[in-house]
Structures are given as structure tokens and as C-alpha cells.
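The next block holds one structure in the form of C-alpha cells; read it before the comments.
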Amino acid sequence: QFHMIKYEDLKWGESLGHGSFTRNFKGFKTDIRDGEKHVTPVFLKELDVVHKNCWESFFEAASLMSQISHKHLILVYGVSVLGVKNIMVQEFVECGALDLYLKRRRSVSVSWKLDVAKQLASALNFLEEKNIVHGNICAKNLLLAREDDPSQGSSPFIKLSDPGISVPMLVILDRIPWVAPELLDAPEKLTLDCDKWSFGATVWEIFNNGNTPLLGWDLDKKRQFYESSQQLPPSQWTELADLVNQCMDYQADFRPSCRSIIRQLNSLITSGNHVHHSLTVNEY
Ligand code: ATP
Ligand code: MG
């Protein structure tokens with residue numbers, strides 16, 4: 001279900017640290033097309049040997065992303081296997097993860113954030129139409145392909161990364177508040193509704209400058225947060241707080257459809273200038 005890439009066609013570059021289950025590198029992929037040699041920069045995710053028992057789930061993630069194509073979804077070129085090494089080869093996205101980017105840049109305009117939220121919503125809508133559950137939507141898994149250039153009037157461009165190792169394998173409490181609460185009791189019951197919850201948490205992150213929600217809470221406290229049906233602190237922008245709350249509804253079937261999410265985001269942008277202004281003032 002995915003393209004196999006010969007190990008010898010890969011060149012390894014600098015290490016880019018660890019993922020939850022992977023060691024990550026920049027690299028290059030060589031292929032011969034029409035008798036010509038092409039070299040493409042790639043992002044290499046090598047499944048950590050400690051987690052090699054997760055290889056099926058890892059390949060499932062690669063397979064999922066290989067089967068679908070959308071401008072706001074990461075492109076997975078294929079996988080490469082050599083002995084115990086399992087490697088996912090994907091497009092290299094220049095500006096890295098969105099949460100780190102937002103933390104680095106002290107202030108990003110509200111319209112920029114709205115743009116990003118809209119792009120994520122369009123990816124979510126695409127997945128919903130195809131009836132495909134992603135399962136790991138969060139700001140860390142949004143990659144920034146392009147910053148904006150205000151002088152050019154251009155907008156940011158994001159791509160949703162692969163979901164990685166699936167939820168049942170994970171210490172699920174770790175993933176609070178991104179993981180849908182109904183998954184705590186039944187982690188195998190991953191549905192489209194669960195992605196809506198994660199979308200809400202991700203929008204919260206985007207509008208809180210990439211700050212990690214519930215940072216420093218221990219797992220017990222996180223579990224209690226869900227058990228007492230709590231909500232993340234609301235954004236000062238009421239319409240937005242409302243959208244996040246709709247998505248993070250403890251009753252899964254009350255969460256809005258993607259159509260409704262997109263409609264609500266669009267209405268925020270049309271009334272944009274006014275709200276944009278007042279929010280920016282509050283942020284300082
Ligand atoms: P998980 O499965 O938990 O998401 P992961 O292996 O995807 O783990 P992340 O923590 O999501 O690892 O990503 C690690 C870092 O690698 C990110 O902070 C991001 O900056 C960078 N990164 C991830 N994917 C790419 C990519 N395709 N291109 C460039 N940088 C990337
Ligand atoms: Mg990731």
C-alpha cells in the first residue's frame with residue numbers, strides 16, 4: 001500500500017532530534033526519472049528500535065498518508081526497510097512544527113492564526129469526506145511550509161503530518177487534552193468525532209501562541225480534568241472560544257460537522273478587521 005524506497009537511494013543528513021517513537025533526520029532521496037538523476041530533500045523518520053514492536057502501526061500511518069493527497073496533508077514518499085530499520089520517507093517541510101514556530105515568534109497576527117485554522121479545517125473536511133480518521137491532530141503535527149510575507153500580502157501554508165503510532169499503543173493519559181475523552185475507556189473506538197475534539201484543542205493551541213495546554217499537569221490531574229468534564233481556559237475572543245467548546249464537547253455526537261466548522265471560521269474572517277484589531281491590543 002506504499003512505495004518501497006531502496007535504502008541505498010537515501011542519503012542521511014543532520015539529526016533533527018526525537019519524535020515520540022522515532023529518530024528524525026534531514027536527508028535526500030535519489031531517483032532516476034527519464035534517465036536523469038533527481039535529488040529531493042526529505043524528512044526521514046526512523047522508528048526507534050526500542051519501539052520496533054510498533055512497526056505495524058508505524059507503517060499504517062505511512063500507508064494512510066500515501067493513499068491520500070491534499071495540499072494541506074504531508075506527502076509521504078514511501079518507506080524503506082533495512083534489517084531492523086524501519087524508515088518513513090516524507091517531504092521536508094522548511095519551517096518545522098507549528099507549536100515551536102508560534103513559541104519562537106512572539107506575536108503572530110490573528111488573521112494569520114485564522115488562516116492556519118481554516119487550512120486545518122479544510123484538511124479535516126477532506127478526511128471526513130473520505131471517512132478517514134487521522135487520530136493525532138495537534139499543533140506539533142502541523143508543519144509550516146511557508147511563513148507569510150506581510151509586504152506581499154501572502155498567507156502561511158501548513159501541512160498536517162502523519163499520525164504516528166496509533167492511540168491504543170500509547171500512554172493515552174499523556175495525550176490529554178488532545179485525545180477525545182471517550183477514548184480513555186475505549187481507545188480502539190477512534191472515530192471522526194475524535195478528530196473534531198483534537199481539532200478544537202489544536203485551535204486552542206494556535207490561538208494561545210503554541211503554548212502547551214495543561215503543561216506540567218501530572219497524569220492523575222489530567223485524568224481528573226476529563227472525569228469532571230472540564231474545559232480549557234477560554235480565549236478572550238468569544239466566537240472562537242465558542243467554536244473550541246463545540247469541538248471539545250464531551251458528548252461526541254454533539255461536535256459540529258466540518259461544514260459547520262468552516263462556516264464559523266469563515267464568518268470570523270469576514271468580520272475580521274474589527275476583531276483582529278481588538279485582539280491584538282489585548283495580547284500586548
Ligand atoms: P509523533 O508521532 O508523536 O508525532 P514524530 O516522530 O512525528 O512523533 P514530532 O515530535 O511530531 O515527531 O516531530 C519532531 C520534530 O520534527 C518537529 O518538531 C518538527 O519540527 C520536525 N518535523 C517533523 N516532520 C517534519 C517534516 N516533514 N519536515 C521538516 N521537519 C519536520
Ligand atoms: Mg509528528
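Atoms within each ligand, like the ligands themselves, are counted from 1 in listed order. Any value given below was found using the heavy atoms of this structure, including those in side chains, with hydrogens, waters and symmetry copies removed.
Which parts of ligand 1 touch T22 is read off a 4.0 Å heavy-atom cut-off, strictly below it: atoms 5 (P), 6 (O). Remark: ligand 1 atoms within the under-4.0 Å shell around heavy atoms of I74 are 27 (N). Every atom of ligand 1 with a heavy atom of G164 under 4.0 Å away is listed here by number and element: 2 (O). Near G96, meaning under 4.0 Å from one of its heavy atoms, ligand 1 places the atoms 20 (O).
Among the atoms of S20, no N, O or S atom is found under 2.8 Å from the Mg ion (ligand 2).
Residue L100 touches ligand 1 through its side chain alone, judged by heavy-atom distances below 4.0 Å. By the criterion of a heavy-atom distance under 4.0 Å, the side chain of L143, and not its backbone, is placed next to ligand 1.
Residue F21 places every heavy atom at 4.0 Å or more from ligand 1.
Taking each of S20, A61, G19, A97 in turn, the one with a heavy atom nearest to atom 18 (O) of ligand 1 proves to be A97. Remark: among candidates R175, R23, Q90, M88, the nearest residue to atom 27 (N) of ligand 1 is Q90, based on non-hydrogen atoms. Taking only non-hydrogen atoms, the option from K45, E46, E94, K26 nearest to atom 5 (P) of ligand 1 is K45. Nearest to atom 29 (C) of ligand 1 by heavy atom, out of D174, D48, N24, V93, is V93.
A continuous path of ILVMFWY side-chain contacts below 4.5 Å connects W55 to F2, so both sit in one hydrophobic cluster.
Taking 4.5 Å as the limit, some side-chain heavy atom of K85 sits within range of a side-chain heavy atom of E46. Side-chain contact check for K222 versus L173: every heavy-atom pair is 4.5 Å or farther apart. At least one side-chain heavy atom of V81 sits less than 4.5 Å from a side-chain heavy atom of M4. Counting heavy atoms from C-beta on, the side chains of I261 and L243 come closer than 4.5 Å.
Between E91 and K159 a salt bridge is recorded (basic side-chain N to carboxylate O distance below 4.0 Å). Taking a cutoff of 4.0 Å between a charged side-chain nitrogen and a carboxylate oxygen, E128 and K196 qualify as a salt bridge.
On a distance-only criterion, S161 and ligand 1 share no N/O pair closer than 3.5 Å. Some N or O of E91 is nearer than 3.5 Å to an N or O of ligand 1, by distance alone. Checked by distance only, ligand 1 and N141 come closer than 3.5 Å through their nitrogen or oxygen atoms.
The ring of F157 has its center closer than 6.0 angstrom to the ring center of H72. Proximity of the aromatic rings of W178 and Y226 is defined here by a centroid distance below 6.0 angstrom, and this criterion is not met. Checked against the 6.0 Å centroid criterion, the rings of Y250 and W197 qualify as a close aromatic pair.
Scanning the protein for heavy atoms near atom 22 (N) of ligand 1, the closest one is F43 CZ, 3.2 Å. Given atom 10 (O) of ligand 1, the protein heavy atom at minimum distance is K140 NZ, 3.4 Å.
The two atoms that bring F21 and L47 nearest to each other are O-CD1, 3.4 Å, heavy atoms only.
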